[in-house]
Each structure stands twice: as C-alpha cells, then as structure tokens.
Amino acid sequence: MASDENAPAGSSQPLVEGRSAGQHVRVTAREVLADLLAKDRTIVGARVGGRVLDLHTPFERDPSVKVEPIRTSDPEGLRIIRHSTAHVMADAVQRLFPGTKVTIGPAIEAGFYYDFDRPSGPFTDDDLEKIEAKMREIISAGKPFRRELVDREAAHQLFAGMGETYKREIIDAIPVGEDVSLYHHSDGARDWVDLCEGPHVPDTSYLAAIKLVSVAGAYWRGDERNPMLQRIYGTAFPSQKALEAHLKLIAEAKERDHRKLGKELELFMFHEYAPAMPFLLPRGAFVYNALVSYVRDLYVDYRYEEVITPQIFDKKLFDTSGHLPNYRENMYLPVTAEYLDQARMALRLGVGGEGEAYREADTARDAAVIQQLGELEKLAQKPMNCPSHCLIFGQRRRSYRELPWRVADFGRLHRYERGGVVHGLARVRSFCQDDAHIFCAPDQIQSEIASFLDLLQEVYAAFKFEKVDIKLATRPKKRIGSDAQWDAAESALAEALKGANLRFEVAPEEGAFYGPKLEFHVEDALRRSWQLGTIQVDYALPDRFDLEFTGSDGISHRPVMLHRAILGSLERFLSVYLEHVAGAFPVWLAPEQAVVVTVSEKQAEYADEVVAMLRSRRLRVRADTSSDKLGAKIRNARLLRVPYVVVVGDKEAAERKVAPRSRDLNKDLGAMLLEEFADKLQAEAIPPRLQKSARPA
RNA sequence: GCCACCUUAGCUCAGUGGUAGAGCAACGGUUUCGUAAACCGUAGGUCUCGGGUUCAAGUCCCGAAGGUGGCUCCA
C-alpha cells in the first residue's frame with residue numbers, strides 16, 4: 001500500500017505519483033546531478049520541468065525535460081531549508097512536550113512557523129531555548145529525510161493512530177482517492193513523520209543556521225471561532241553569515257521604526273485618553289501640512305476642487321450610503337449629553353433610582369433601556385468622505401458640462417479599529433486621507449484613470465519610491481451591478497494601465513463588492529512593500545443617493561464615482577515615508593532646514609543676522625548659540641536630522657560667509673557667501689515637480 | 001476581540017520580597033572652544049491604575065488601562 005520512494009531507481013513500484021511505473025526509467029535528481037553535487041553542498045533540490053523535487057525523490061526521466069539544481073541561494077532553495085527546519089522544530093517540540101499535537105508549519109517570507117496544540121498551554125521563552133537546543137541535536141545527527149507516497153486512507157489511519165486530529169482534518173479536506181505524501185526524518189532509532197508535500201533537504205545536517213524568533217497565539221485555520229493554537233516563529237538561512245545579515249536587517253528596521261523616530265524627532269505622540277489617535281507635535285504637524293500643501297498644489301494642475309465637510313452626521317446619511325449596515329463595527333456613534341440626559345430622565349436612572357420598586361421593575365426597565373439605547377443612536381462620526389460628496393453633488397441639478405467633477409477633501413476620519421490591529425501611525429483610529437472623488441460619465445472613466453495614473457506617478461517619484469507594483473482587483477463573487485458594468489469598468493482600468501505602459505498583476509475576485517479597483521504598492525528602502533494609493537470604480541453610491549446629471553441629450557443620466565487616494569492616509573504615509581528616509585526628510589519637507597551654529601559666543605550676533613536673512617526668504621532656520629562646543633552642536637542637529645548645519649566662526653563673520661555642512665553628504669561644504677547658501681537652500685526647498693504636458697484641460 | 005510579553009524620572013534602561021538607581025535631557029554655575037557628546041552642581045518618581053497575599057510588595061497573586069509581537073504566505 002505504501003511506497004518508499006527512496007527505493008533504488010528502476011525497482012518496481014505500485015505507485016509513482018499515481019501512475020504505474022516501468023514505462024520510463026526512474027531516476028533521482030541526485031543521480032542526474034551527481035557531478036554537481038559532489039562539489040556543491042548548497043544544492044538542496046531540483047527543478048524538473050515545472051516541479052520542485054527533493055534530490056532523493058525518483059521521477060520518470062524524460063530526456064527532453066531539463067533537471068536543474070536548486071541551491072540554497074535560490075528563493076526556492078531557501079524555502080526548502082526553512083520548511084525542513086519547521087519539521088525539525090516540530091520533532092523537537094514533540095520530543096520535549098509529549099502530547100502536543102502538530103497542525104501546519106509552512107515556510108513564510110522571513111522564515112517559517114509551526115502551529116501546535118499544546119494541552120498545557122503556551123510556550124515560554126525558556127521553552128524556545130530548549131526547543132532550539134533540541135533542534136541542534138537533531139540537525140547534527142544528520143538524519144535523512146525520506147518521502148513516502150501513501151493513499152489517503154492509509155494516511156488517515158496513520159495520523160488517527162497517532163492522535164493527530166488536526167492532520168486528520170487536513171486529510172479529510174483532500175479529495176478521496178488521491179494519494180498523499182509523508183515525510184520522515186529518522187536516524188533509525190526514532191522516526192518523525194509529517195503529512196507534507198515537500199520538498200525537503202537530503203538530511204538534517206543541511207540546516208546550517210537556524211533561530212527561533214517568537215511565540216504567538218494563532219487560531220486554527222485563522223478563524224477566531226476555532227481553538228487557539230501556539231505558533232512558534234523561526235527562521236533559517238544557508239549560512240550563519242546570512243542569518244546574521246538577516247538579524248542585522250531586523251535591527252536596522254527597528255532602528256528606523258517610525259514610532260521610535262517619532263519620539264526622537266518630536267514628530268508625534270499618543271496618549272491613553274485617545275488610544276490610537278495621534279497627536280502631531282509642531283515638527284510632525286509641519287511635515288503633515290507640507291504634504292497637504294504639496295498635494296493641493298498638484299490639484300490646481302489636475303483640476304480638483306476642494307471642499308470642507310462636517311464630522312458628525314445624522315445616522316440616516318450612513319443608512320443611505322450603506323455604511324451603517326455594512327461598516328457599523330468600525331464606526332463611532334457619538335451621543336450628546338442632551339440625549340443622554342433625556343434618556344436618564346425617561347428611565348429615572350438618575351439619583352434616587354435605587355428604591356425597591358425600581359429593582360422590582362427589572363424586566364420592564366430592561367426593555368425600556370434597550371429602547372432608549374436605540375434612540376440614542378442618532379449620530380454618526382464619518383468614517384469616509386464619499387457620502388458627504390454625494391450630498392454635495394445631489395444638492396442641485398448637475399450638467400454634463402460639469403463632468404468630470406473632481407472633488408477633494410482632507411477631512412479627518414474616525415474609524416474604530418480593534419485594539420490588536422492598531423500600530424503607531426500606520427494603523428490609527430483618527431486620520432486624514434488625500435481623498436477625492438471623481439463624478440463622471442461612464443465614457444469618461446478611462447481618461448480619468450489615465451490622468452490619475454499620471455498624477456500618482458508624479459507623486460511617487462517626488463518621494464523617491466522607485467518601485468511601484470500595481471494590482472487590478474476584479475469582480476468578487478458577491479457583488480452588485482450588471483456584468484456589462486463590470487466588463488466596462490475592468491476593461492477601463494486595464495486599458496488605462498496599458499495606455500500608460502504600466503505593468504500590473506490581476507488579483508482575481510479581490511475587488512470591492514461595488515466595483516473593481518487598482519491598488520498601488522510601493523517598495524521602501526528596506527525593500528518592504530506598502531499599499532499607498534488606490535482608485536476604485538463605484539456604481540453603487542450614485543445609485544443609493546439617486547444622483548443624476550443632465551446629458552447633452554437633455555435627459556437624466558446616472559454618473560459613475562471614482563474613489564481615489566494617492567498617499568492614502570497621511571498618517572500612514574508619514575509612517576512609511578519616515579521609515580523610508582530613516583527620519584531624514586528632504587529639505588522641502590524638513591521641519592527645520594538648517595541650524596546656524598556658532599563656534600564661540602563671539603559670533604552670536606552674526607548668527608542671528610544669518611538666521612534673520614534666511615528667514616526673510618521663508619526658510620526654516622534656527623540659531624544654536626548655546627555654550628556647547630561646536631562638536632556637540634553639530635551632533636545635536638544631526639540627531640534631529642537637520643539637512644544643513646551652518647557653521648559660523650570669526651572667519652565667516654568677517655566676510656559675510658557661512659560654512660554649511662550637509663547631512664546627506666556628511667561633510668563640510670566649505671565656506672561660501674551667505675547669499676550663495678541662501679540661494680542653494682531656497683532651490684532645494686521647492687517641492688519636486690515633473691513637467692508633464694498631458695494634464696487634463 | 002483572542003494568545004504571549006511589556007509598563008520604574010521627559011527619554012533609554014538597571015533594580016527578583018527588606019524604605020527607589022544610572023546615563024542622557026532639564027535647571028544653575030564655570031568654560032568660549034573650528035566640524036558627532038566640555039566640567040561641576042541642583043532638582044526630578046503614588047515604580048500605569050485598582051484590589052489582594054505578606055511583619056514587609058517596584059518585585060508575588062487577581063483585575064483594569066495603555067503598549068509590543070502575533071492571529072492561514074493553508075499538508
């Protein structure tokens with residue numbers, strides 16, 4: 001029933017990947033690549049046709065199909081190492097903690113994890129050390145990995161016998177009649193087996209550099225109704241050196257964590273009286289406002305109009321828009337003191353509501369409370385700007401001549417996010433987007449998207465995000481609108497991208513229920529990817545708000561709405577950008593562009609003069625005339641990431657010169673005339689703009 | 001929300017049952033110095049909050065708040 005695939009090639013086997021053997025010669029990659037393997041221990045697998053195989057798994061040789069080695073330096077090779085390490089970890093865990101059940105343990109982007117069901121509860125940091133030590137034992141024992149192909153029923157019985165209920169559940173999900181593969185690693189004395197697709201390294205000694213990173217709770221199959229499992233994260237690399245490089249990268253990421261920089265550079269803070277709602281301090285507020293001004297300036301060219309809309313609405317607005325039925329758990333529903341007082345009066349819940357008769361009336365009171373609570377819900381804080389914009393559009397008769405109408409809004413939004421998901425400025429409950437909605441006729445969608453793509457590319461280039469990945473999210477199964485509408489909207493998005501010569505990836509069925517969308521992901525300096533911008537086609541809201549415009553034919557038409565943002569949430573953008581530039585804002589965004597430092601107090605007067613002159617040119621400059629030594633003043637300015645430290649000593653003062661030092665070049669630029677430096681700084685203070693001709697008329 | 005961990009001076013952190021500590025920052029003084037930290041001194045704490053155990057709690061236990069890392073990249 002079971003077939004040991006490590007049997008010598010050519011021996012008769014009942015099952016070879018579901019086909020009968022014997023028609024072709026069966027070989028292993030180890031045999032085919034023998035010459036290479038002899039001198040290269042970084043080869044851990046092979047690519048045969050489209051398949052990735054172990055070195056030791058036989059396959060039917062087809063001379064026309066190439067057998068290519070997979071090395072630990074290949075992404076696929078790294079996955080093999082990590083997945084094998086996950087098996088070794090699970091083995092170690094089950095040896096140390098009998099009764100622990102295994103579930104799944106995949107390789108992931110930065111390593112691997114394995115989820116366990118441990119009856120005695122979570123693992124501690126001490127446990128991690130023990131597990132790691134046990135893993136090293138297993139690794140140095142050099143246990144060979146072995147693949148075994150069995151039928152589904154046999155696997156089912158095997159894991160049932162072992163009490164591995166989660167594995168059984170996984171097998172249940174595999175179609176009846178299909179064969180499954182098992183992976184063993186053993187030294188003869190003790191065998192460890194897992195249901196696994198593989199592939200794996202030839203033996204455990206190939207796992208050169210491993211590290212367990214953290215423990216975390218994780219629900220079985222990611223569903224919070226399921227039991228909480230104990231997840232152990234770890235990572236593995238081809239060499240100790242590569243592992244250390246990885247740990248260094250993590251340390252660097254930690255060093256430029258925006259929360260750390262936010263504190264150090266005095267950009268923003270939080271307070272427990274407003275959890276997950278940032279306070280932007282003067283320096284942070286400056287950058288924030290500079291971002292808004294930059295986008296506003298672009299809006300002049302790209303023909304957007306800005307509006308200012310309320311924070312709090314009658315909840316009827318969000319009934320109409322569909323937010324209350326669909327988005328309620330993320331909304332703040334504020335209550336006024338007046339409503340509350342009325343409710344208290346009605347329920348006599350105020351002082352004196354403690355009498356016996358009052359307590360006896362529990363049932364009636366509960367009913368009344370519930371009814372009153374319902375009445376309290378009259379207001380809603382806006383989580384999005386689109387409903388307001390629909391109200392504005394619908395406020396009077398609109399003509400086709402007004403379309404496309406691009407309406408921008410920097411309104412502050414509030415969304416309730418669960419405690420576990422908020423994160424610094426990156427995920428907050430109070431924020432502002434560079435939000436805008438474009439109301440247009442259906443035949444204007446494509447050109448509007450094209451123009452938006454221009455705008456977006458200009459912005460990302462200005463912030464030096466060099467790599468942008470675009471995803472086209474298409475119709476989900478659960479959706480509204482006709483197929484004809486979806487066809488038109490999806491092809492408008494795709495055509496606009498093609499027209500702009502932009503590569504994109506299709507994300508099938510990931511669109512919003514009301515329309516398809518484009519997502520723009522940028523890669524930062526540490527090569528991490530972040531979604532910033534988006535554009536979504538929406539037929540639903542114009543419908544819900546019954547929006548119309550009069551066409552050139554004199555009859556009423558329904559407009560289409562495009563929801564779009566470039567930076568997305570400004571708070572989130574600030575967090576991403578802060579990490580991208582490691583706190584070193586370019587001159588045009590820096591809250592402080594230069595600090596004038598004196599060599600001794602003799603130059604204090606000249607320093608004040610220099611500051612006054614630069615300020616008269618709208619430059620953001622301050623003097624440091626403290627009694628610190630020059631070195632200390634420079635250090636302080638550098639810690640604040642100020643782009644220029646302008647040194648003035650006797651020599652400079654005598655000739656109306658300054659000696660600027662550049663943060664980015666980390667060097668003294670030499671003495672120059674004050675005028676000259678002012679011109680230079682002023683030139684750098686201008687926000688970058690691309691000169692594009694193709695802007696909407 | 002759920003799991004684990006954390007919360008000590010403005011910041012970074014030490015303190016594991018016996019009356020709270022350092023460095024930086026702040027403040028006062030001395031020093032006036034040429035490209036990443038001058039020197040001396042002073043002040044600063046309901047050890048997040050609320051209960052409990054104990055002769056004694058920053059330290060142990062329970063609860064709350066806030067924060068940190070996670071919560072399918074499916075064998």
Side-chain angles (χ1 to χ4, degrees), chain A residues 79 82-83 86-87 90 102-115 118 121-125 127-128 152 155 159 164 166-174 178 180-183 193-198 213-233 254 257 259-260 263-264 266 269-276 329 416-424 597-604 625-639 645-652 659-663 666-671:
Chain A
R79 286 186 70 81
R82 288 170 173 175
H83 194 185
H87 276 225
V102 294
T103 65
I104 61 166
I108 56 174
E109 198 186 312
F112 64 87
Y113 66 81
Y114 211 113
D115 285 348
R118 185 188 183 198
F123 295 101
T124 64
D125 288 349
D127 292 339
L128 280 198
R152 185 176 170 280
F159 288 107
E164 294 287 7
Y166 295 92
K167 287 291 174 193
R168 253 181 40 212
E169 222 181 297
I170 292 164
I171 296 168
D172 284 339
I174 293 171
E178 224 172 83
V180 301
S181 57
L182 305 179
Y183 270 84
V193 62
D194 198 358
L195 175 75
C196 180
E197 280 183 320
V213 177
S214 60
V215 284
Y219 298 102
W220 171 233
R221 294 182 181 248
D223 188 328
E224 57 192 307
R225 288 165 301 191
N226 286 337
M228 172 74 69
L229 304 172
Q230 303 307 321
R231 171 170 299 182
I232 303 180
Y233 281 93
K254 207 173 159 187
D257 186 311
R259 291 165 302 183
K260 183 174 152 72
K263 236 181 239 176
E264 287 172 4
E266 291 194 53
M269 60 167 253
F270 289 91
H271 193 279
E272 65 175 290
Y273 286 174
E329 62 273 29
Y416 176 73
E417 302 279 1
R418 295 159 113 204
V421 304
V422 295
H423 176 85
V597 305
T598 50
V599 173
S600 79
E601 70 185 13
K602 283 181 282 176
Q603 301 89 29
T625 53
S626 68
S627 68
D628 282 337
K629 290 176 72 170
L630 180 59
K633 292 183 191 181
I634 290 171
R635 179 169 192 270
N636 290 336
R638 284 192 60 89
L639 288 175
V645 180
V646 178
V647 177
V648 295
D650 283 338
K651 281 182 279 178
E652 287 78 14
R661 186 196 158 96
S662 151
R663 171 197 67 194
N666 193 19
K667 70 168 199 191
D668 181 357
L669 301 181

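Residue numbering restarts at 1 for every chain, and letters A, B, ... go by the order of the sequence lines. Just so you know, these numbers use all the heavy atoms, side chains as well, and skip hydrogens, waters and symmetry mates.
Taking atom P on both A22(B) and A43(B), the two are 12 Å apart, rounded to the nearest angstrom. Nucleotides G17(B) and A56(B) place their C1' atoms 8 Å apart, quoted to the nearest Å. To the nearest whole angstrom, the two C1' atoms, one in A20(B) and one in G45(B), are 8 Å apart. Separating the C1' atom of A57(B) from that of C62(B) is a span of 15 Å, rounded to the nearest Å. Nucleotides G18(B) and U31(B) are separated by 45 Å at their C1' atoms, to the nearest Å. For the P atom pair drawn from U19(B) and C3(B), the interatomic distance equals 37 Å after rounding to whole Å. Taking the C1' atom of each, U54(B) and U16(B) are spaced 16 Å apart, rounded to whole Å.
With hydrogens and angles ignored, a donor-acceptor pair closer than 3.5 Å exists between the side chain of E652(A) and the base of G34(B). Taking only distance into account, the side chain of Y219(A) meets the base of G1(B) through a donor-acceptor pair shorter than 3.5 Å. For U31(B), its base sits under 3.5 Å from the side chain of S627(A) at one donor and acceptor pair at least.
Among the heavy atoms of the strands, none lies under 4.0 Å from L229(A). Residue K263(A) is classed as a sugar-phosphate contact, given heavy-atom separations below 4.0 Å to backbone atoms only. When heavy atoms are screened at a 4.0 angstrom cut-off, G631(A) is found touching the sugar-phosphate backbone but no base atom. Within the nucleic acid shown, A216(A) comes within 4.0 Å of at least one base atom, counting heavy atoms only. Residue-level contact check: I104(A) touches the backbone only, with heavy atoms under 4.0 Å from sugar-phosphate atoms and none from bases. Nucleic acid contact class of D650(A) (heavy atoms, under 4.0 Å, all strands): base. No contact: P106(A) has no heavy atom under 4.0 Å from any strand. Within the nucleic acid shown, E329(A) has no heavy atom closer than 4.0 Å to any nucleic acid atom. Residue V213(A) is out of contact with every strand shown, counting any heavy-atom pair closer than 4.0 Å. Here K167(A) lies in heavy-atom contact (under 4.0 Å) with sugar-phosphate atoms only. Within 4.0 Å (heavy atoms only), A107(A) reaches sugar-phosphate atoms of the nucleic acid but no base atom. Across all strands shown, A86(A) has no heavy atoms under 4.0 Å from either base or sugar-phosphate atoms.
Atom P of nucleotide A4(B) and atom CZ of R118(A) are separated by 12 Å, given to the nearest angstrom. Between the P atom of U12(B) and the CD atom of E264(A) lies a distance of 9 Å, rounded to the nearest Å. Rounded to an integer number of Å, the gap from Y114(A) OH to C73(B) C1' is 16 Å. Atom C1' of nucleotide A38(B) and atom CG of D628(A) are separated by 9 Å, given to the nearest angstrom. In this structure, E266(A) places its CD atom 12 Å from P of U12(B), rounding to the nearest Å. Regarding R259(A), its CZ atom lies at a distance of 7 Å from the C1' atom of U68(B), rounded to whole Å. In this structure, R221(A) places its CZ atom 13 Å from P of C73(B), rounding to the nearest Å.
Between the side chain of K633(A) and the backbone N or O of T598(A) there is at least one donor-acceptor pair closer than 3.5 Å. Although no hydrogens or angles enter the test, the distance criterion places a donor-acceptor pair under 3.5 Å between the side chain of S181(A) and the main chain of C196(A). Distance alone, capped at 3.5 Å, places no donor-acceptor pair between the R259(A) side chain and the H423(A) backbone. Using modelled atom types, one side-chain atom of R152(A) and one backbone atom of I174(A) make a donor-acceptor pair closer than 3.5 Å. Remark: the backbone N or O of Y166(A) is not paired with any side-chain donor or acceptor of T103(A) at under 3.5 angstrom.
Checking F123(A) against K602(A), the closest nucleotide of RNA chain B that is more toward the 5' end is the one next to F123(A). Between A276(A) and V421(A), the residue whose closest nucleotide on RNA chain B is further toward the 5' end is A276(A).
The partner of G28(B), taking Watson-Crick or G-U wobble pairs whose two distances both stay under 3.5 Å, is C40(B). Under the Watson-Crick or G-U wobble criterion, with both distances below 3.5 Å, U19(B) is left unpaired in every strand shown. Base pairing annotation: C60(B) forms a Watson-Crick or G-U wobble pair with G52(B), both donor-acceptor distances under 3.5 Å. Under the Watson-Crick or G-U wobble criterion, with both distances below 3.5 Å, C5(B) is paired with G67(B). A 3.5 Å limit on both hydrogen-bonding distances identifies no Watson-Crick or G-U partner for G45(B).
For the OP1/OP2 pair of C71(B) and a distance below 4.0 Å, the side-chain nitrogens and oxygens of R225(A) include no atom meeting the criterion. Of the side-chain N and O atoms in K629(A), none sit less than 4.0 angstrom from OP1 or OP2 of U35(B). Contact annotation: R635(A) side-chain N/O to U35(B) OP1/OP2 distance is not under 4.0 Å. Contact annotation: Y273(A) does not reach the phosphate of A65(B) (side-chain N/O to OP1 or OP2, under 4.0 Å). Contact annotation: H423(A) reaches the phosphate of G69(B) (side-chain N/O to OP1 or OP2, under 4.0 Å). Note on R231(A): every side-chain N or O is 4.0 Å or more away from OP1 and OP2 of C3(B).
For the pair R231(A) and Y113(A), the cation-pi test (distance below 6.0 Å, angle within 45°) is passed.
Taking a cutoff of 4.0 Å between a charged side-chain nitrogen and a carboxylate oxygen, D223(A) and R221(A) do not qualify as a salt bridge.
For E329(A), the CD atom is densely surrounded, since the number of other residues' heavy atoms within 6.0 Å is greater than 12.
The structure places CG of L229(A) at 13.5 Å from CZ of R118(A), a figure rounded to the nearest 0.5 Å.
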